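I have placed the structure first, in the form of structure tokens, so that the comments after it can refer back to it.
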Amino acid sequence: MTRPLPDDLLKVPHRRDVPFARLTTLGVGGLCRWLFEPTTEGEAQAFVRACAREGLPWRVLGGGSNLVVLGDIEMPVLRLALPKTVLREGSQMTAPASHGHIALAEAAAAAGLSGLEFASGIPGSLGGAIRMNAGAYGREWVDVLVRYRFLTPEGELVEKAPESGEFRYRWSFLTGGRVVLSATAQLAEGDPTAIRAQVAEYRAKRGTSQPLSKRNAGCIFKNPPGQSAGRLIDQTGLKGLRVGDAEVSPEHANFLVNHGHATAAEFAELMDQVRTRVRERHGVELEPEVEIWREHP
Ligand code: EPU
């Protein structure tokens with residue numbers, strides 16, 4: 001950071017030089033130079049307000065499960081560390097954005113509430129899931145979301161019900177400096193045994209087709225319209241292609257896995273090779289599905 005950070009920002013709990021290997025499921029990347037971890041909504045608001053006032057660019061990090069970091073990040077990074085309290089009111093559940101997504105789905109199942117079974121295999125934080133309108137098996141967050149709280153890019157706190165245009169397929173307007181703080185899901189009383197069975201079935205499906213035992217960031221490329229990125233990469237013969245410790249998974253070709261010590265440069269090189277060879281073979285340009293962080297986006 002070339003200019004000093006303002007005092008009110010530095011009052012927000014923070015750590016210096018945290019390796020992204022510890023902040024992401026993929027386990028690559030350089031250092032997070034400034035990691036701000038507010039433990040209250042007020043501290044999160046102070047962070048956003050100070051950055052807005054100073055015109056400081058910053059980023060928000062969730063569970064780091066859909067993220068590839070290429071190098072060090074000098075700008076402040078916000079990662080909420082709110083208390084993991086889940087509030088149940090009737091058949092509604094409210095949780096802070098920093099709550100684990102799978103853990104929330106499990107809490108709903110344990111409470112005999114149906115509606116979040118689809119979420120039980122999607123890693124990351126609740127905030128990241130809301131921001132992406134995460135979904136699986138024909139269900140997505142907007143189907144159950146009844147209220148949410150977020151900060152505007154200026155640091156104003158807004159609580160509201162979702163409206164049309166705010167959430168679409170794997171997209172929401174909660175980007176560009178907006179920060180999800182909490183979300184409330186409308187669930188339904190269900191049979192705990194049936195809910196657990198559905199969760200187990202979804203997990204088993206994922207477990208057989210995806211390399212979940214290796215460090216990964218989920219699917220790396222978007223499915224091109226009407227096609228499957230995994231199938232295209234597979235048909236190009238790239239399963240098992242390796243650059244250092246980064247490999248195109250032999251189990252699912254759209255997963256690039258880290259065998260332990262992959263570097264950001266190795267991942268960037270492997271992604272480039274996959275894109276180039278799929279372009280040459282199929283004439284299709286694969287677009288990243290993961291978020292990619294470089295210091296200068
Ligand atoms: N396929 C191959 N070879 C492979 C992988 C897949 O031929 O190596 C074929 C499969 O046989 C199948 C087709 O490609 O016919 C689609 O594969 P799959 O069913 O695994 O689904 P996907 O489109 O690759 C999507 C999401 C996943 C999500 C699954 C299940 C995208 C880019 N991927 O995968 O999401 O888990 O459906 O719901 O939308 C993620 O978002 O990170 C992610 C993994």
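Note that ligands are numbered from 1 as they come in the structure, with each ligand's atoms numbered from 1 the same way. Quantities reported herein were computed from a predicted structural model and do not represent experimental measurements.
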Can you figure out which of Pro224, Cys219, Pro211 has its heavy atom closest to atom 44 (C) of ligand 1? Cys219
Can you tell me which residue and heavy atom of the protein come closest to atom 32 (C) of ligand 1, and the distance to 0.1 Å? Phe221 O, 3.5 Å
So which of Asn66, Asn254, Asp234 gets nearest to atom 2 (C) of ligand 1, if we judge by its closest heavy atom? Asp234
Geometry only, no angles: is Tyr169 polar-contacting ligand 1 at N/O separations under 3.5 Å? no
Nearest protein heavy atom to atom 14 (O) of ligand 1, by residue and atom, and its distance? Ser228 OG, 3.0 Å
Walk me through whether Val179 and Leu80 qualify under side-chain contact (heavy atoms from CB on, under 4.5 Å). CA-CA 9 Å; Val179 183; Leu80 299 175; 4.2 Å; yes
So that I can tick it off, tell me whether Glu43 and Lys11 are bridged by a salt bridge, with the cut-off set at under 4.0 angstrom between side-chain N and carboxylate O. no
For ligand 1, note which part of Phe255 has a heavy atom under 4.0 Å away: side chain, backbone, both or neither. side chain
Consider only side-chain N and O atoms of Glu269 and Gln273, and report whether a donor and an acceptor are under 3.5 Å apart. yes
More than 12 heavy atoms of other residues, nucleotides or ligands under 6.0 Å from CG of Asp7: is that the case? no
Any non-hydrogen protein atom below 4.0 Å of atom 19 (O) of ligand 1? no
Would you check if there is a donor-acceptor pair between the side chains of Glu166 and Tyr148 at a distance under 3.5 Å? yes
Between NZ on residue Lys222 and CG on residue Asn254, distance to nearest 0.5 Å: 12.0 Å
Is atom 37 (O) of ligand 1 less than 4.0 angstrom from at least one protein heavy atom? no
Using heavy atoms and a threshold below 4.0 Å, how should the contact between Glu289 and ligand 1 be classified: side chain, backbone, both, or neither? side chain
Do the charged groups of Glu251 and Lys239 touch, with an N to O distance under 4.0 Å? no
Measuring from non-hydrogen atoms of Gln235 to any atom of ligand 1, is the shortest distance under 4.0 Å? no
Atom 24 (O) of ligand 1: nearest protein contact (heavy atom, Å): His252 NE2, 3.0 Å
Flag the pair Asp8 / Arg49 as yes when at least one side-chain heavy-atom distance between them is below 4.5 Å, and no otherwise. no
What's the verdict on side-chain contact (heavy atoms from CB on, under 4.5 Å) for Phe20 and Leu26, showing C-alpha distance, side-chain angles and the deciding distance? CA-CA 9 Å; Phe20 276 105; Leu26 184 60; over 6 Å; no
With a 6.0 Å cut-off (strictly less than), is the heavy-atom count around NE2 of His261, excluding the residue itself, greater than 12? no
Give me the residue, atom name and distance of the protein heavy atom closest to atom 12 (C) of ligand 1. Arg231 NH2, 3.7 Å
Part of Lys205 within contact of ligand 1 (heavy atoms, under 4.0 Å): neither
Enumerated ligand 1 atoms positioned under 4.0 Å from heavy atoms of Gly218: 42 (O)
Heteroatom proximity flag, Glu251 to ligand 1, N/O under 3.5 Å: no
Can you report which non-hydrogen protein atom sits closest to atom 25 (C) of ligand 1, along with the distance? Asn223 ND2, 4.4 Å
Short list, please: which atoms of ligand 1 are under 4.0 Å from a heavy atom of Arg206? 36 (O)
Does ligand 1 have any atom that is closer than 4.0 Å to a heavy atom of Arg170? no
Could you report the tightest heavy-atom contact between Glu41 and Leu82, atom names first, then the distance? N-CD2, 3.8 Å
Is the distance between the ring centroids of Trp58 and Phe36 under 6.0 Å? no
Closest non-hydrogen protein atom to atom 30 (C) of ligand 1, residue and atom name please, with distance? Gln210 NE2, 4.5 Å
Glu106-Ser120 side chain donor-acceptor pair, cut-off 3.5 Å: no
Could you say whether the N/O atoms of Ala253 and ligand 1 ever approach to under 3.5 Å? yes
Would you say Ser209 and ligand 1 have an N/O pair spaced under 3.5 Å apart? no
Is atom 10 (C) of ligand 1 less than 4.0 angstrom from some protein heavy atom? no
